[in-house]
Structure formats: structure tokens, C-alpha cells
Amino acid sequence: DAGVIQSPRHEVTEMGQEVTLRCKPISGHNSLFWYRQTMMRGLELLIYFNNNVPIDDSGMPEDRFSAKMPNASFSTLKIQPSEPRDSAVYFCASNANKNNEQFFGPGTRLTVL
Amino acid sequence: AQSVAQPEDQVNVAEGNPLTVKCTYSVSGNPYLFWYVQYPNRGLQFLLKYITGDNLVKGSYGFEAEFNKSQTSFHLKKPSALVSDSALYFCAVRFPYNTDKLIFGTGTRLQVFP
């Protein structure tokens, strides 16, 4: 199993540009999570999906952030327009059910100049 | 408020000595507790979990953790530390109870010196 796959691994962009982060969960997992990690705020849950349906998006910072899961094998996190304070490592994770551990992807390091 | 606390930002230990990384929780109901490890420039990796049953849980890489309901703690332990154990460790609790959502602690950096 390839594990959770995220792309790109690194993204450098300029303020105001649109950024799209991608995630492929582990096959057969039915929940998918998007996290953001910064030195200042630690690890924050942004949004999670169950069976492709958004369940809790209370962690999404503002309207500039949006996430979709069009099918069981793909999700995107979009930031439009991006700002320097969005610079962070964004992780995607998935799990098979709520009693099981979450499996994390390698992360996308986003730098907004 | 429901939360997880890791009171130590950093723990230093000599190689070969026992290590403990502390975690306390505050959630209503029976907690589901997890420990994860993060190596530099990597995602979090699962170490162990407590769902129910034996209070002493054994996990990956020789780590174990003890669930203590009276002290609301779930400390991570290892009898003999290795330099390669140096990493960032996160405690997490599942909350709300009937969801997939995890609340993570702020992390503890473990430094094992040769």
C-alpha cells in the first residue's frame, strides 16, 4: 500500500495566487482529514470528510479556504487568494473507522511570499 | 473544555535510560487516546492507542503507555531510549466520542543524547 499520497510536496507562491493541494487517501478508508501545522499554532484540524461528505469544517480559517472530496480516492484543499500567513505544512490523513488510527501523508510545505 | 495537555515542551534523556513523555486529558465519557510520533520533515506516524481493556498498551518501536483514569493521564514510556527515538511526540484524544475527530496536544520534543 502506498499510504496517503499528497501533492505537491512543496509549493512556493506569491500572495494573491490560488493554491490547490491534493490528497489521495488509502484505498478503503472512508474518512479523510486536512490538518495545518505551524510553529505558532501547532497541529490544527481544518476539515474532515466521511464517505466523501464534509462532516466538520469548523477549523477552516475563513472563506478563502475550501475543500472538496469528489470521490473516495481524491480530495483537494484550495486557498484563494493566498496570504503569507497561510504558510504552513498541510497534512492529509485518512482512517478506516473511528476506532482506528489515522494515517498521515508526508505533507505539503506551502510558502506564500 | 475538552482538551489534551502535554506539559513539557521538551524532554531530554540519555541513551539507555528510561523515558517518559507526559499527557493528560480532559474529556467527558470514556476517552479514546492515541500517541503519534513525527520525525523531521515527515508526517505523523501512529505509535499506539487505548480504546478499552488493559490499561497498559504496547505499541511500535518498544513504546508503551499506561492509561490512568483517576489521574486522567496517558503517559508514553520506553524502558531504554535510543538516539533514533529523538522526534516530536503528540498525544491525541478522540472527541466528540462518536466521531473520527482527534484533538492533538501541542507536542513534546524528545531529545536522546548519546
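Numbers restart at 1 for each chain; the letters A, B, ... are given by sequence-line order, proteins then strands. Atoms considered below: every heavy atom in the structure, side chains included; atoms not considered: hydrogens, waters and symmetry mates.
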Worksheet item: Any link between B:F74 and B:L19 through a network of hydrophobic side chains (Ile, Leu, Val, Met, Phe, Trp, Tyr) touching at under 4.5 Å?
Response: yes
Worksheet item: Are B:L110 and B:L82 connected, step by step, through hydrophobic side chains (Ile, Leu, Val, Met, Phe, Trp, Tyr) whose heavy atoms are closer than 4.5 Å?
Response: no
Discussion item. Are A:M15 and A:L21 linked, directly or through intermediate hydrophobic residues, by side-chain heavy-atom contacts shorter than 4.5 Å (ILVMFWY only)?
Written reply: yes
Worksheet item: Side chains of B:K49 and A:N100: does their closest heavy-atom pair fall under 4.5 Å?
Response: yes
Practice prompt. Check the surroundings of atom CD in A:E18: do more than 12 heavy atoms from other residues, nucleotides or ligands lie under 6.0 Å from it?
Written response: yes
Worksheet item: What do you reckon, is CZ of A:R64 surrounded by more than 12 foreign heavy atoms closer than 6.0 Å?
Response: yes
Discussion item. To check you understand the geometry: which heavy-atom pair defines the closest contact between B:K101 and A:D56, and what is its length?
Written reply: NZ-OD2, 2.8 Å
Worksheet, complete the sentence: Honestly, the part of A:S58 sitting under 4.5 Å from a heavy atom of chain B is side chain
Worksheet item: In terms of heavy-atom proximity below 4.5 Å to chain A, should B:L44 be classed as side chain, backbone, both, or neither?
Response: both
Worksheet item: Rounded to the nearest 0.5 Å, how far does CD1 of B:I103 lie from CG of A:L43?
Response: 12.0 Å
Worksheet item: Side chain, backbone, both or neither: which part of A:R9 has a heavy atom under 4.5 Å from chain B?
Response: side chain
Worksheet item: Can you get from A:L77 to B:L102 by hopping between Ile, Leu, Val, Met, Phe, Trp and Tyr side chains that sit under 4.5 Å apart?
Response: no
Worksheet item: At a heavy-atom separation under 4.5 Å, does B:Q45 approach chain A through its side chain, its backbone, both, or neither?
Response: neither
Fill in: Aromatic ring proximity, centroids under 6.0 angstrom, B:F46 and A:F104
no
Worksheet item: In this structure, are over 12 heavy atoms from other groups packed under 6.0 Å from A:D63 atom CG?
Response: no
Fill in: Pairwise distance CD(B:Q38) to CZ(A:F91) - rounded to 0.5 angstrom
4.5 Å
Worksheet item: With a 4.5 Å limit on heavy-atom distance, are the side chains of A:Q37 and B:F104 in contact?
Response: no
Item to complete: Answer with yes or no whether the hydrophobic clustering places A:V112 together with A:L46; edges join I, L, V, M, F, W, Y residues whose side-chain heavy atoms lie under 4.5 Å apart.
Response: yes
Practice prompt. Please lay out, stage by stage, how A:Q102 and B:F34 fare under the test side-chain contact (heavy atoms from CB on, under 4.5 Å).
Written response: CA-CA 10 Å; A:Q102 294 178 19; B:F34 300 80; over 6 Å; no
Worksheet item: Would a 4.5 Å heavy-atom cut-off, applied to side chains only, mark A:F49 and B:D100 as touching?
Response: no
Worksheet item: Which answer fits A:F103, side chain, backbone, both or neither, if we ask what part of it has an atom under 4.5 Å from a heavy atom of chain B?
Response: neither
